[in-house]
Engineer: 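Please see the structure below; I have some questions.
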Amino acid sequence: MSKNLTTRREDYSKWYNELVVKADLAENSAVRGCMVIKPYGYAIWEKMQAELDRMFKETGHQNAYFPLFVPKSLFEAEEKNAEGFAKECAIVTHYRLQNDPDNPGKLRVDPDAKLEEELIVRPTSEAIIWSTYKGWIQSYRDLPILINQWANVVRWEMRTRLFLRTAEFLWQEGHTAHETKGEAIAEAEQMNNIYAEFAEKFMAIPVIKGVKTQSERFAGAEETYCIEALMQDGKALQAGTSHFLGQNFAKAFDVKFTNKDGKLDYVWATSWGVSTRLMGALVMTHSDDNGLVLPPNLAPIQVVIVPIHKTDAQLEEISILAKNLMQEFKTMGISCKYDNRTTHRPGSKFAQYELQGVPLRIAIGPKDLENKTVELARRDTLSKEIVELDNLVATVNGLMIDIQDSLFNKALDFRNNHITEVETFDEFKNVLNTKTGFISAHWDGTAETEQKIKDLTKATIRCIPFNAKNEKGICVFSGNPSDGRVLFAKAY
RNA sequence: CGGGAUGUAGCGCAGCCCGGUAGCGCACACGGCUGGGGGCCGUGGGGUCGCAGGUUCAAAUCCUGUCAUCCCGACCA
């Protein structure tokens, strides 16, 4: 069935790359480490954006936009943050080109056009935003500030992969300022919950909520909340993070306010973000060897109608039926495409929509016209059935919900079957190398142990999950006392 | 930046060892037969073989240099 597509079993990375390209989601750009998101891929991203944006606004956030460039002096103000990102920054040093006297027809950087202060292309916007907030905040009456921005950021990664790690990527970053510590923590937790809800309800990706260990924390954060998902190859993917930043940025940028008692205090901050990496998570969670599988809630095309005909007259007759159906789907809010191209044959259309993950396909041919039926094919199960034309729209509507649920449940089963509790380090290594997935193990809470395990196995602590049962134990590596289990995995 | 590999048509590759002026599959264009799962047959278009130098009557092929890309590490949403 799958033609020209590497299978998951053969080579998971290759399968992923080919799938992203062949499903028309994105491709590598000629620009180093950068990606071109193609219209079909972007349409999915837009659906994600729309839903997230709605959720942000429902919780009182507003959108704004801040500059791409961050002057170096601002960038370095919060030391930990600067240090964390320093190794992967693109830097603007000049502002003008000129004709190259040594190479006619070529340009060179004008050496006289050197900037007095270099500009960092934002790898994240805390610095530029907090330097701006300083001017906005004087009193507790100015708080909270609840702002999100949709933007691109640049991180000069050594090795890149479509959607999962590219030098430039699209994301949203929320940056909030609060009067109290408690309020800021509540905000960070709320946003992590929103991410989890979005991942599970819209992307049909089950996630584990928790906090990062100190060494995995965002540079400059006091606490990093995260949602972790499990891909089909048994590796974990960080799907979203939300940070409680304490007063670190307020202190670095001197953002003080007068509180209700008339005293000066630093404001409390959060930041949170998800990126186009979610597209990678979507692909890797649901897709199969025939291509992409999209949950109905995110599919740009939820239903495709493919006519099967020999003659023009047959096509015309099918088209009348198809157009009526489209109208009904539209009324139900189901997006539908009728592919009446005569330049492609039905079989190749079937294959194409399968590759592109369209959740449901309706085929209508002369036999169907005669019997008042259509053929329905589900992308997720690859099952086909002939159904009556009567009540078709209701049937399809029900299937949209079924498919969405069943994708989630399938991913949930897989995920739950790949969380393994281990008691010894031998078991740990064994599970990691054979079964893969998350390993639930006791940890002594030290960075040293965490690092040693990472060096030995490449597995990192993905998160300290919130839902962990209260259980004392001994560390799987050091044998020292542990307060609870954490989740280890190899990660993207 | 350390280890490995590769640059030949839009994409994927063969040819290189053993030098004789470039080929296959997919894609593309045209014609016909077709049409309920990626059709078949025929015809056709498209490449200064990454770049520069050298050896030679002759270089995709041999030699030297160089550039680029990919994979494995380190870094990371």
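The sequence lines fix the lettering, A, B, ..., with proteins before strands; numbering per chain opens at 1. Model, not experiment: these values are computed from the prediction. Any value given below was found using the heavy atoms of this structure, including those in side chains, with hydrogens, waters and symmetry copies removed.
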Engineer: Return the orientation label for the A/F169 and A/W171 ring planes: parallel under 30°, perpendicular over 60°, tilted otherwise.
Structural biologist: perpendicular

Engineer: Counting only Watson-Crick or G-U wobble pairs whose two distances fall under 3.5 Å, which nucleotide matches B/rA5?
Structural biologist: B/rU69

Engineer: Is there a Watson-Crick or G-U wobble partner for B/rC16 with both distances under 3.5 Å, and which nucleotide is it?
Structural biologist: none

Engineer: Let me know the distance between NZ of A/K22 and C1' of B/rG12, rounded to the nearest Å.
Structural biologist: 8 Å

Engineer: What's the closest nucleotide to the A/F350 side chain, out of B/rG37, B/rG36, B/rA77?
Structural biologist: B/rG37

Engineer: B/rG65 and B/rA29: how far apart are their P atoms, nearest whole angstrom?
Structural biologist: 46 Å

Engineer: For B/rG45, give its Watson-Crick or G-U wobble partner with both distances under 3.5 Å, or none.
Structural biologist: none

Engineer: Between A/R341 (CZ) and B/rG38 (P), how many Å, whole number?
Structural biologist: 16 Å

Engineer: Starting the side chain at C-beta, find the nucleotide from B/rG38, B/rG35, B/rA77 nearest to A/S275.
Structural biologist: B/rA77

Engineer: Which whole number of Å gives the distance between the C1' atom of B/rA59 and that of B/rA22?
Structural biologist: 13 Å

Engineer: Please report the distance, rounded to the nearest Å, between CD in A/E354 and P in B/rG36.
Structural biologist: 15 Å

Engineer: Any chance the rings of A/Y133 and A/F253 have centres within less than 6.0 Å?
Structural biologist: no

Engineer: Answer with base, sugar-phosphate or nothing: what part of the nucleic acid does A/R161 contact at a heavy-atom distance below 4.0 Å?
Structural biologist: nothing

Engineer: Using the P atom as the point on both nucleotides, what is the distance between B/rA9 and B/rU61, in whole Å?
Structural biologist: 15 Å

Engineer: Work out how far the P atom of B/rA27 is from that of B/rC40, and round it to whole angstrom.
Structural biologist: 9 Å

Engineer: Please evaluate residues A/F425 and A/F428 with respect to the criterion ring pair (Phe, Tyr, Trp, His ring centres under 6.0 Å), reporting the C-alpha separation (whole Å), side-chain torsions for both, the decisive distance (0.1 Å), and the verdict.
Structural biologist: CA-CA 5 Å; A/F425 196 53; A/F428 185 106; 5.4 Å; yes

Engineer: Would the distance check show the side chain of A/R122 and the main-chain N or O of A/P67 forming a donor-acceptor pair, the cut-off being under 3.5 Å?
Structural biologist: yes

Engineer: For B/rG25 and B/rC71, measure between their C1' atoms and round to the nearest Å.
Structural biologist: 25 Å

Engineer: Calculate the interatomic distance between A/N290 atom CG and B/rG38 atom P; express it in whole Å.
Structural biologist: 13 Å

Engineer: Is A/K367 touching bases, backbone alone, or none of the nucleic acid, heavy atoms closer than 4.0 Å?
Structural biologist: base

Engineer: Is there a side-chain contact between A/L321 and A/P307 (heavy atoms, below 4.5 Å)?
Structural biologist: no

Engineer: Go through the structure and list residues passing ring-ring contact (aromatic ring centres under 6.0 Å, His included) with A/Y225, not counting sequence neighbours.
Structural biologist: none

Engineer: Applying the salt bridge (Lys or Arg N to Asp or Glu O under 4.0 Å) test to A/R8, which of A/D233, A/D289, A/D288 qualifies?
Structural biologist: A/D289

Engineer: Kindly point out which of B/rG38, B/rG36, B/rA77 is positioned nearest to the side chain of A/E157?
Structural biologist: B/rA77

Engineer: With P as the reference atom in both, quote the distance from B/rC1 to B/rC51 in angstrom, rounded to an integer.
Structural biologist: 24 Å

Engineer: Centres of the A/F56 and A/W272 rings: under 6.0 Å?
Structural biologist: yes

Engineer: Just the rounded figure in Å: distance from P of B/rC70 to NZ of A/K14.
Structural biologist: 16 Å

Engineer: Which base, if any, makes a Watson-Crick or G-U wobble pair with B/rC26, both distances under 3.5 Å?
Structural biologist: B/rG10

Engineer: From NE2 of A/H344 over to P of B/rG37, roughly how many Å is that when rounded to an integer?
Structural biologist: 18 Å

Engineer: Taking atom P in both B/rA52 and B/rA14, what distance in whole Å separates the two?
Structural biologist: 24 Å

Engineer: Taking atom P of B/rC11 as reference, at what distance in whole Å does atom CD of A/E27 sit?
Structural biologist: 11 Å

Engineer: Taking atom C1' in both B/rG44 and B/rG36, compute the distance separating them and give it to the nearest angstrom.
Structural biologist: 33 Å

Engineer: Whole Å only: how far is the CG atom of A/N17 from the P atom of B/rU69?
Structural biologist: 16 Å

Engineer: Which nucleotide wins on minimum distance to the side chain of A/T166, given the candidates B/rA77, B/rC75, B/rG36?
Structural biologist: B/rA77

Engineer: Please compare A/T160 and A/L164 by the position of their nearest nucleotide in RNA chain B and report the one closer to 5'.
Structural biologist: A/T160

Engineer: Which of residues 373-390 of chain A have a heavy atom under 4.0 Å from RNA chain B?
Structural biologist: A/E375, A/K384

Engineer: Go nucleotide by nucleotide along RNA chain B from the 5' end; which of A/W156 and A/D368 gets its closest nucleotide reached first?
Structural biologist: A/D368

Engineer: What about A/Q352: does its side chain form a donor-acceptor pair under 3.5 Å with the base of B/rG38?
Structural biologist: no

Engineer: What is the pairing partner of B/rG35, taking Watson-Crick or G-U wobble pairs with both distances under 3.5 Å in any strand?
Structural biologist: none

Engineer: Using OP1 and OP2 only, check whether a side-chain N or O of A/R345 sits under 4.0 Å from B/rG39.
Structural biologist: yes

Engineer: Among B/rG38, B/rG36, B/rA77, which nucleotide sits nearest the side chain of A/P346?
Structural biologist: B/rG36

Engineer: Side chain to side chain contact (heavy atoms under 4.5 Å, CB included) with A/V306: which of A/R341, A/R345, A/R361?
Structural biologist: A/R361

Engineer: Evaluate whether atom CD of A/E46 has more than 12 neighbouring non-hydrogen atoms of other residues, nucleotides or ligands under 6.0 angstrom away.
Structural biologist: yes

Engineer: If B/rU55 has a Watson-Crick or G-U wobble mate with both distances under 3.5 Å, name it; if not, just say none.
Structural biologist: none

Engineer: Measure from the side-chain heavy atoms of A/K310 and tell me the nearest of B/rG35, B/rG36, B/rG37.
Structural biologist: B/rG35

Engineer: What's A/F169 touching, base or sugar-phosphate or nothing? Going by heavy atoms closer than 4.0 Å.
Structural biologist: base

